[in-house]
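Have a look at the structure below before the remarks.
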Amino acid sequence: MRRQHYESEKIAAKAREAKWRLAAFGLLTANILLAMTIAGTDTTEKTVIVPPTIERPFWVKGAETSAEYLEEMSRYLSTLVLNVTPKSIDANIDIFLRYVAPEAHGAIRIRMAVQAERLKRDDVTSAFYPVGYQTRAEKRQVVITGDFVTTVGKQQVSSVRRSWRFDYAFTGGRLWVSEFMEVNSEHPFEKAADSAAGSIVGE
């Protein structure tokens with residue numbers, strides 16, 4: 001009787017051991033599959049950036065930026081320095097410079113200051129009405145083209161179609177302006193011989 005009870009307990013113990021081994025094997029398999037899934041998944045963080053004004057959705061993923069993001073930022077930044085009056089130009093330039101890369105800050109600030117003084121001296125007001133973009137998202141370059149209207153005093157003196165190019169750098173998780181210059185509308189991505197010669201504020 002005791003022997004039969006012993007044999008029964010032995011069989012039950014082996015059954016429990018087999019069940020636990022099966023459960024352990026199942027967990028091991030699940031962990032392996034999970035690891036394979038994670039390894040094959042793009043885990044780069046995708047960040048949605050909200051600009052001062054929004055017209056279209058856009059995204060930033062790692063160091064990649066959508067064309068829409070570059071264009072929206074270019075539209076906003078261009079209004080700061082191309083839609084100006086003698087009274088607003090200094091404050092607008094200060095805001096614009098917050099978006100300029102540290103290594104380019106000094107050169108762009110000096111160029112803008114010189115042209116701002118000329119604008120204030122001549123009592124010039126400008127307005128810029130964008131009509132299109134040419135974008136190289138992989139190089140973070142945007143050319144924004146539009147109708148540029150200039151007024152001296154209360155008299156409109158010109159209305160011409162002009163283009164400016166933004167070059168951007170993406171560092172520290174954000175976009176920076178590395179260059180901003182007026183360009184030839186027909187060959188906007190050609191390297192300017194002297195970027196300082198081009199207008200970079202409303203004049």
Side-chain angles (χ1 to χ4, degrees), residues 49-58 65-101 104-137 139-168 175-203:
I49 305 298
V50 179
T53 57
I54 303 173
E55 288 191 359
R56 296 175 296 172
F58 42 74
T65 53
S66 68
E68 293 83 3
Y69 177 43
L70 297 174
E71 291 168 5
E72 286 291 298
M73 289 304 300
S74 298
R75 179 184 60 80
Y76 167 67
L77 292 172
S78 65
T79 64
L80 288 174
V81 288
L82 299 179
N83 291 336
V84 293
T85 69
K87 291 183 177 180
S88 70
I89 183 64
D90 289 336
N92 284 16
I93 288 177
D94 286 344
I95 296 172
F96 182 94
L97 290 173
R98 297 173 191 171
Y99 295 86
V100 175
H105 193 278
I108 291 179
R109 179 181 57 80
I110 292 172
R111 286 154 53 193
M112 285 189 167
V114 170
Q115 294 179 13
E117 286 304 313
R118 189 181 307 146
L119 181 146
K120 289 185 287 186
R121 181 194 65 206
D122 297 337
D123 194 22
V124 174
T125 296
S126 66
F128 182 62
Y129 304 97
V131 297
Y133 303 91
Q134 298 177 65
T135 305
R136 291 181 174 179
K139 294 186 176 181
R140 302 190 189 94
Q141 292 179 313
V142 177
V143 174
I144 182 168
T145 299
D147 296 323
F148 188 75
V149 180
T150 303
T151 301
V152 176
K154 296 182 179 181
Q155 181 68 40
Q156 180 177 318
V157 295
S158 68
S159 178
V160 293
R161 185 151 294 185
R162 296 166 67 175
S163 299
W164 281 265
R165 192 182 80 210
F166 286 89
D167 293 354
Y168 293 99
L175 200 67
W176 300 92
V177 176
S178 59
E179 185 57 282
F180 173 56
M181 69 185 83
E182 185 173 12
V183 294
N184 185 313
S185 299
E186 296 182 0
H187 307 286
F189 293 106
E190 290 185 359
K191 186 176 181 179
D194 181 6
S195 62
S199 172
I200 58 173
V201 297
E203 67 167 8

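Atoms considered below: every heavy atom in the structure, side chains included; atoms not considered: hydrogens, waters and symmetry mates. In this chain, residues are counted from 1 in sequence order.
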Please examine the side chains of [Y] and [X], heavy atoms only from C-beta on, and report whether any two atoms are closer than 4.5 Å.
| X | Y | result |
| --- | --- | --- |
| Val177 | Tyr168 | yes |
| Val131 | Arg161 | yes |
| Val81 | Met112 | yes |
| Asp90 | Lys120 | yes |
| Phe128 | Ser78 | yes |

If you measure from [atom1] on [X] to [atom2] on [Y], what distance do you get to the nearest 0.5 Å?
| X | Y | atom1 | atom2 | result |
| --- | --- | --- | --- | --- |
| Leu77 | Phe166 | CG | CZ | 5.0 Å |
| Phe180 | Ile108 | CZ | CD1 | 9.0 Å |
| Asp123 | Lys87 | CG | NZ | 10.0 Å |

Would you name the heavy atoms of [X] and [Y] that are closest together and state the gap between them?
| X | Y | result |
| --- | --- | --- |
| Ser178 | Ala101 | CA-CB, 4.5 Å |
| Arg140 | Leu70 | CA-CD1, 3.9 Å |
| Tyr76 | Ile95 | OH-CG2, 3.7 Å |
| Phe189 | Gln134 | CZ-O, 3.6 Å |
| Ser185 | Ser163 | OG-OG, 2.8 Å |
| Met73 | Leu175 | CG-CD2, 4.4 Å |

Any side-chain to backbone donor/acceptor pair from [X] onto [Y]? Under 3.5 Å, distance only.
| X | Y | result |
| --- | --- | --- |
| Thr150 | Val157 | no |
| Thr135 | Ala137 | no |
| Asp122 | Val124 | no |
| Arg165 | Pro188 | yes |

**Q.** Name of the residue among Asp94, Leu80, Leu119 meeting side-chain contact (heavy atoms from CB on, under 4.5 Å) with Ile89
**A.** Leu119
Q) Under a 4.0 Å N-O cut-off, is there an ion pair linking Lys139 with Glu179? A) no
